Amino acid sequence: IATVLPRVIELETLSIIPKENDSKIEIRKKSYGQEYLDSETRKYQRGDSKRLIHHKLSARKGELMTRITRNLPEEEVRIYLNLNETEKEGCIIYEDKVLESVLAITNYYLRRNIHSHVIYEYIKEQKVQIHDKESFDTFYQSCAKITFHAKQSVYQLYHKDTLTLT
């Protein structure tokens with residue numbers, strides 16, 4: 001018996017908004033290249049970097065105010081894989097495309113050193129972390145055994161997963 005594995009498509013870009021263009025997050029660059037969020041201020045304390053003085057707020061308050069910075073959390077991506085059974089004609093092609101898409105996306109992020117988590121239901125709920133070539137290869141090999149017979153919807157997986165994140 002031969003095992004047929006899905007192909008892994010190499011993506012050069014994803015049509016997802018880069019964090020630099022996301023208006024919901026303000027990112028500033030430190031001089032040595034790390035990013036941080038400009039989130040809060042406090043009264044200036046001796047030893048604070050003069051670069052972090054919030055000049056507009058200091059002028060308004062009449063005293064020196066310093067920005068409080070926080071390092072950005074390590075980037076990661078969560079992918080919810082829909083393994084619900086389909087009644088469509090050509091469902092084998094559909095299932096192959098779903099698996100190829102997930103593999104392409106996880107491979108794309110892996111090549112950019114961004115961890116990904118693939119959440120799906122196969123026999124039981126699975127949460128696979130892909131953080132290096134070995135974990136990708138393990139997930140890739142498991143894709144040959146996956147069947148589309150999930151009992152939970154993607155919404156249910158997402159809801160359960162987000163409850164554990166808070």
Side-chain angles (χ1 to χ4, degrees), residues 1-40 67-166:
I1 296 178
T3 301
V4 179
L5 294 167
R7 65 186 171 157
V8 179
I9 300 166
E10 295 277 329
L11 300 176
E12 291 306 315
T13 61
L14 282 178
S15 296
I16 298 174
I17 187 168
K19 65 183 176 188
E20 294 81 16
N21 297 342
D22 189 347
S23 62
K24 297 181 295 302
I25 188 169
E26 183 181 347
I27 297 174
R28 300 188 182 240
K29 298 270 185 190
K30 288 186 177 179
S31 60
Y32 49 89
Q34 291 185 338
E35 298 171 328
Y36 63 91
L37 296 175
D38 187 6
S39 56
E40 299 175 29
R67 288 183 171 95
I68 298 173
T69 59
R70 308 205 191 299
N71 287 330
L72 282 173
E74 189 175 307
E75 290 181 296
E76 67 175 34
V77 174
R78 301 181 95 66
I79 300 167
Y80 299 89
L81 178 53
N82 182 2
L83 295 180
N84 291 11
E85 198 167 355
T86 64
E87 301 287 325
K88 297 179 189 176
E89 188 175 315
C91 67
I92 298 293
I93 295 169
Y94 167 79
E95 292 170 0
D96 284 346
K97 295 294 181 194
V98 168
L99 293 175
E100 286 174 4
S101 298
V102 169
L103 288 166
I105 293 167
T106 55
N107 187 46
Y108 172 85
Y109 284 114
L110 178 62
R111 289 190 342 260
R112 284 155 182 78
N113 294 317
I114 298 173
H115 296 188
S116 56
H117 297 262
V118 182
I119 297 103
Y120 61 98
E121 180 190 340
Y122 173 66
I123 302 172
K124 63 180 182 141
E125 191 173 317
Q126 308 285 326
K127 212 178 270 193
V128 178
Q129 183 181 19
I130 299 172
H131 53 85
D132 58 18
K133 183 76 172 123
E134 185 179 334
S135 57
F136 177 83
D137 289 341
T138 301
F139 175 64
Y140 176 65
Q141 294 295 323
S142 72
C143 285
K145 299 174 189 135
I146 287 177
T147 58
F148 283 63
H149 298 290
K151 307 262 186 287
Q152 296 182 74
S153 68
V154 170
Y155 173 78
Q156 290 169 315
L157 288 172
Y158 171 77
H159 185 69
K160 277 187 193 175
D161 185 49
T162 54
L163 287 175
T164 63
L165 292 175
T166 56

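Please read these numbers as outputs of a predicted model, since none were measured by experiment.
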Take the angle between the ring planes of His131 and His115 and call it parallel below 30°, perpendicular above 60°, tilted in between. tilted

Distance, nearest 0.5 Å, that separates NZ of Lys145 from CD1 of Ile123: 10.0 Å

Gap between atom CG of Leu5 and atom SG of Cys143 - 0.5 Å precision: 8.5 Å

Could you grab the distance from atom CG of Asn107 to atom CD of Glu10, nearest 0.5 Å is fine? 5.0 Å

With a 4.5 Å cut-off on side-chain heavy atoms, are Leu81 and Val98 touching? yes

Note, Leu99 side chain near Phe148 side chain (heavy atom, < 4.5 Å): yes

Using only atom types and a distance under 3.5 Å, with no angle test, would you say the side chain of Tyr120 pairs donor to acceptor with the backbone of Ala150? no

To the nearest 0.5 angstrom, please state how far the NZ atom of Lys133 sits from the OH atom of Tyr140. 9.0 Å

Shortest non-hydrogen contact from Tyr122 to Ile146? CE1-CA, 3.9 Å

For Ser135, which of Thr138, Asp137, Asp132 qualifies under side-chain hydrogen bond (donor to acceptor under 3.5 Å, both in side chains)? Asp132

Donor-acceptor pair, side chain of Glu121 and main chain of Lys151, under 3.5 angstrom: yes

Could you tell me whether the side chain of Leu103 reaches within less than 4.5 Å of the side chain of Pro6, counting heavy atoms only? yes

Note: Val118 and Phe139 closest approach over all heavy atoms is CG1-CZ, 3.9 Å

Determine whether a donor-acceptor pair (N or O, by modelled atom type, separation under 3.5 Å) exists between the side chain of Arg111 and the backbone of Leu11. yes

Is there a donor-acceptor contact under 3.5 Å from the side chain of Gln156 to the main chain of Ser153? yes

Hey, what do you get for CD (Gln129) to CZ (Arg78), rounding to the nearest 0.5 Å? 9.0 Å

As an exercise, state the distance from OG1 of Thr106 to NE2 of His117, rounded to the nearest 0.5 Å. 12.5 Å

Kindly indicate, with the supporting measurements, whether the criterion side-chain contact (heavy atoms from CB on, under 4.5 Å) is fulfilled by Asp161 and Lys127. CA-CA 9 Å; Asp161 185 49; Lys127 212 178 270 193; 2.8 Å; yes

Is the side chain of Gln126 donor-acceptor paired with the backbone N or O of Lys124 at a distance under 3.5 Å, no angle test? yes

